[in-house]
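Atom set for the values below is all heavy atoms of this structure, side chains included, hydrogens, waters and symmetry mates excluded. One is the number of the first residue; the rest follow in order along the sequence. Start at 1 and go down the list; that is how both ligands and their atoms are numbered.
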Amino acid sequence: MRILVTGGAGFIGSALVRRLIEHTEHEVLVFDKLTYAGVLSSLAPVASSNRYHFVKSDICDADAVSTALAEFRPDVVAHLAAESHVDRSIDGPGEFVQTNLVGTFVMLNQTLGYWRGLQDTAKASFRFHHISTDEVFGSLGDEGLFTETTPYDPRSPYSASKAGSDHLVRAWGHTYGLPVLITNCSNNYGPYHFPEKLIPLIIIRALNGEPLPVYGDGSNVRDWLFVDDHARALQAVFETGAPGETYNVGGNAERRNIEVVTTICSILDRLDPRKDGRGYAEQITYVTDRPGHDHRYAIDASKIRADLGWTPSVTFEQGIEQTVRWYLENRSWWQDILDARYATQRLGVSNG
Ligand code: NAD
Ligand code: DAU
């Protein structure tokens with residue numbers, strides 16, 4: 001297969017591209033604007049493959065999208081490019097509307113034109129796979145799980161822009177017949193995670209001797225999914241999923257934020273103890289809550305398990321240990337980001 005991956009230099013996109021190059025025979029074109037969140041070094045492990053190609057472009061640029069489609073001739077468009085950080089969407093929603101809504105519209109419209117020009121067999125097997133989030137479903141109380149039929153109830157500028165993009169994708173499938181797939185997944189974590197998000201931010205700030213900001217009282221719950229398991233799920237969906245279907249993808253690993261932070265602290269206490277002999281948990285600082293902070297997300301992933309045979313391969317305990325070890329062993333990856341961007345970019349409320 002020939003797979004065009006938008007946002008392939010981001011956290012999840014790069015995990016997908018590394019998987020496709022290292023574990024399949026697929027040919028991959030990364031289409032990425034390289035915003036602050038695009039990190040080319042995340043693609044370094046596969047950059048020398050002759051099945052890997054890269055174009056630096058904006059999904060809002062219709063001509064650039066059209067040219068990439070015409071020249072690469074994909075069998076699959078895996079659309080991951082987005083503004084992805086909730087805190088940033090609160091500070092500046094405009095970019096989220098532009099990239100996540102207008103960008104998805106441009107991708108759909110250009111892909112539709114390309115798809116209409118394909119031969120019948122290629123047209124039938126083509127897929128537009130939109131990668132979305134569980135945040136479109138809103139916030140759960142202490143009980144219950146999001147299913148594929150949970151009504152949409154987005155509550156942040158980020159989740160509203162993703163919900164809108166999901167609706168556009170369904171409309172292009174329903175109205176024009178474009179063979180679309182949607183996945184809504186829970187919080188990813190793992191290697192190459194940009195250090196604005198909770199898990200890498202806590203690991204790096206702990207190692208740097210800085211306060212570890214926990215929003216509110218730390219009782220908010222997220223369902224953590226190891227990024228390589230997500231990449232495997234995405235591959236299963238665009239290879240074998242039924243067009244028009246939505247699949248929820250979750251890690252079956254609900255944890256309160258404070259549990260996540262203390263778990264990271266105890267792993268670091270063991271692997272890289274503080275020089276003063278004290279515990280990293282001493283650095284935990286409760287800070288002002290995120291406005292509109294969703295209480296709990298949790299995914300029912302029984303459909304993708306039953307229909308496509310996908311299940312997560314690692315527990316949260318295995319995945320978080322692997323992740324902390326990766327950050328300890330790959331300091332230059334994140335140090336380069338800090339050197340280039342920390343000074344000018346917002347990385348969490350406590351730094352704002
Ligand atoms: P990320 O922020 O790490 O990466 C986004 C990538 O998109 C970057 O490489 C960036 O350069 C690129 N990009 C942004 N705007 C672009 C534009 N206009 N044109 C071309 N490229 C552009 O994001 P991520 O965490 O890897 O998330 C990927 C996708 O998965 C997003 O659509 C996000 O909404 C969704 N998602 C993420 C999570 C998560 O936990 N990270 C969970 C559920 C869904
Ligand atoms: O649920 C899927 C979503 O998960 C994705 O769609 C988003 O793209 C992704 O960024 C993520 O959103 P969250 O807002 O849940 O992720 P974040 O890492 O920003 O925050 C995780 C939790 O930790 C959340 O409850 C807020 C809290 N938090 C976050 C930061 C950055 C803190 O307590 N302190 C922090 O410094």
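For the side chain to side chain donor-acceptor pair (under 3.5 Å) criterion with H26, the lone passing option out of E239, R19, R2 is E239.
In the displayed structure, Q119 atom CD is contacted under 6.0 Å by at most 12 heavy atoms of other residues, nucleotides or ligands.
Counting only non-hydrogen atoms, the option in G7, S57, S42 that gets closest to atom 6 (C) of ligand 1 is G7. Residue nearest to atom 10 (O) of ligand 2, selected from S84, G216, A298: S84 (by heavy-atom distance). Proximity annotation for atom 4 (O) of ligand 1: of A81, A9, C185, G10, G10 comes nearest, heavy atoms only. Within the set I12, T133, V136, D61, the minimum heavy-atom distance to atom 38 (C) of ligand 1 is found for I12.
Checked by distance only, ligand 2 and P213 come closer than 3.5 Å through their nitrogen or oxygen atoms. In terms of N/O distances under 3.5 Å, ligand 1 is approached by T35. Of the N or O atoms in Y215, one or more lie within a sub-3.5 Å distance of an N or O in ligand 2. Close N/O approach between R290 and ligand 2 is found [any backbone or side-chain N/O within under 3.5 Å]. Remark: ligand 1 and Y158 share an N or O pair separated by less than 3.5 Å (distance only, no angle test). Any N or O atom pair closer than 3.5 Å counts here, and N257 shares at least one such pair with ligand 2.
The part of T99 lying near ligand 1 is the side chain, judged by heavy-atom distances below 4.0 Å. With a 4.0 Å heavy-atom cut-off, ligand 1 is reached by the backbone of L34 but not by any atom from C-beta on. At a 4.0 Å heavy-atom cut-off, ligand 1 does not touch Q98 at all. Using a 4.0 Å cut-off between heavy atoms, L198 contacts ligand 2 through both its backbone and its side chain. Heavy atoms of K197 found under 4.0 angstrom from ligand 2 belong to the backbone as well as the side chain. No part of I202 comes within 4.0 Å of ligand 2, judged by heavy-atom distances. Residue N187 touches ligand 2 through backbone and side chain together, judged by heavy-atom distances below 4.0 Å.
Protein heavy atom closest to atom 18 (N) of ligand 1, with residue, atom name and distance, is D58 OD1, 2.9 Å.
No path of Ile, Leu, Val, Met, Phe, Trp and Tyr side chains, each step under 4.5 Å between heavy atoms, connects V86 with I202, placing them in separate hydrophobic clusters. Under a hydrophobic clustering in which Ile, Leu, Val, Met, Phe, Trp and Tyr are joined whenever their side-chain heavy atoms come within less than 4.5 Å, directly or via other members, L234 and L20 fall into the same cluster.
Residue contact annotation: G103 has no non-hydrogen atom under 4.0 Å from ligand 1. The shortest separation from a heavy atom of H293 to ligand 2 is under 4.0 Å, placing the residue in contact. For the ligand labelled ligand 1, residue L80 lies inside the 4.0 Å heavy-atom shell. Distances shorter than 4.0 angstrom do not occur between any heavy atom of Y189 and any atom of ligand 1. Using a 4.0 Å heavy-atom cutoff, S186 is listed among the residues neighbouring ligand 1.
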Original post:
Stepwise, does the ring-ring contact (aromatic ring centres under 6.0 Å, His included) test hold for H85 with F194?
Top reply: CA-CA 10 Å; H85 190 33; F194 194 80; 8.8 Å; no

Please set out all donor-acceptor pairs under 3.5 angstrom arising from side-chain atoms of residues 55-64, sequence neighbours excluded.
{"unit_1": "D58", "atom_1": "OD1", "unit_2": "C60", "atom_2": "N", "d": "2.8"}
{"unit_1": "D61", "atom_1": "OD1", "unit_2": "D63", "atom_2": "N", "d": "3.2"}
{"unit_1": "D61", "atom_1": "OD1", "unit_2": "A64", "atom_2": "N", "d": "3.1"}

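Ion pairing between a basic and an acidic side chain is recognised when a charged N comes within 4.0 Å of a carboxylate O; E95 and R88 show no such pairing. Here D272 pairs with R331 in a salt bridge; the nearest charged N to carboxylate O distance falls below 4.0 Å. Between R278 and E282, at least one side-chain N (NZ, or NE/NH1/NH2) sits under 4.0 Å from a carboxylate O, which counts as a salt bridge.
Atoms of ligand 2 lying under 4.0 Å from any heavy atom of T133, numbered from 1 in the order shown and given with element: 1 (O), 2 (C), 3 (C), 5 (C), 6 (O). Interface of Y158 with ligand 2, defined as ligand atoms under 4.0 Å from a residue heavy atom, comprises 5 (C), 6 (O), 7 (C), 8 (O). Near S132, meaning under 4.0 Å from any of its heavy atoms, are these atoms of ligand 1: 43 (C), 44 (C).
Annotation: cation-pi geometry satisfied between R222 and Y297 (NZ/CZ under 6.0 angstrom from ring centroid, within 45° of ring axis).
For the residue pair S266 / R270, no side-chain donor-acceptor distance below 3.5 Å is found, with atom types taken as modelled. T104 and H130 share no side-chain donor-acceptor pair at under 3.5 Å. Side-chain contact of K303 with T147: a donor-acceptor pair under 3.5 Å is absent, judged by distance alone. A donor-acceptor pair shorter than 3.5 Å can be found between the side chains of E196 and Y36.
The backbone N or O of F96 lies less than 3.5 Å from no partner atom in the side chain of T99, so there is not a single donor-acceptor pair.
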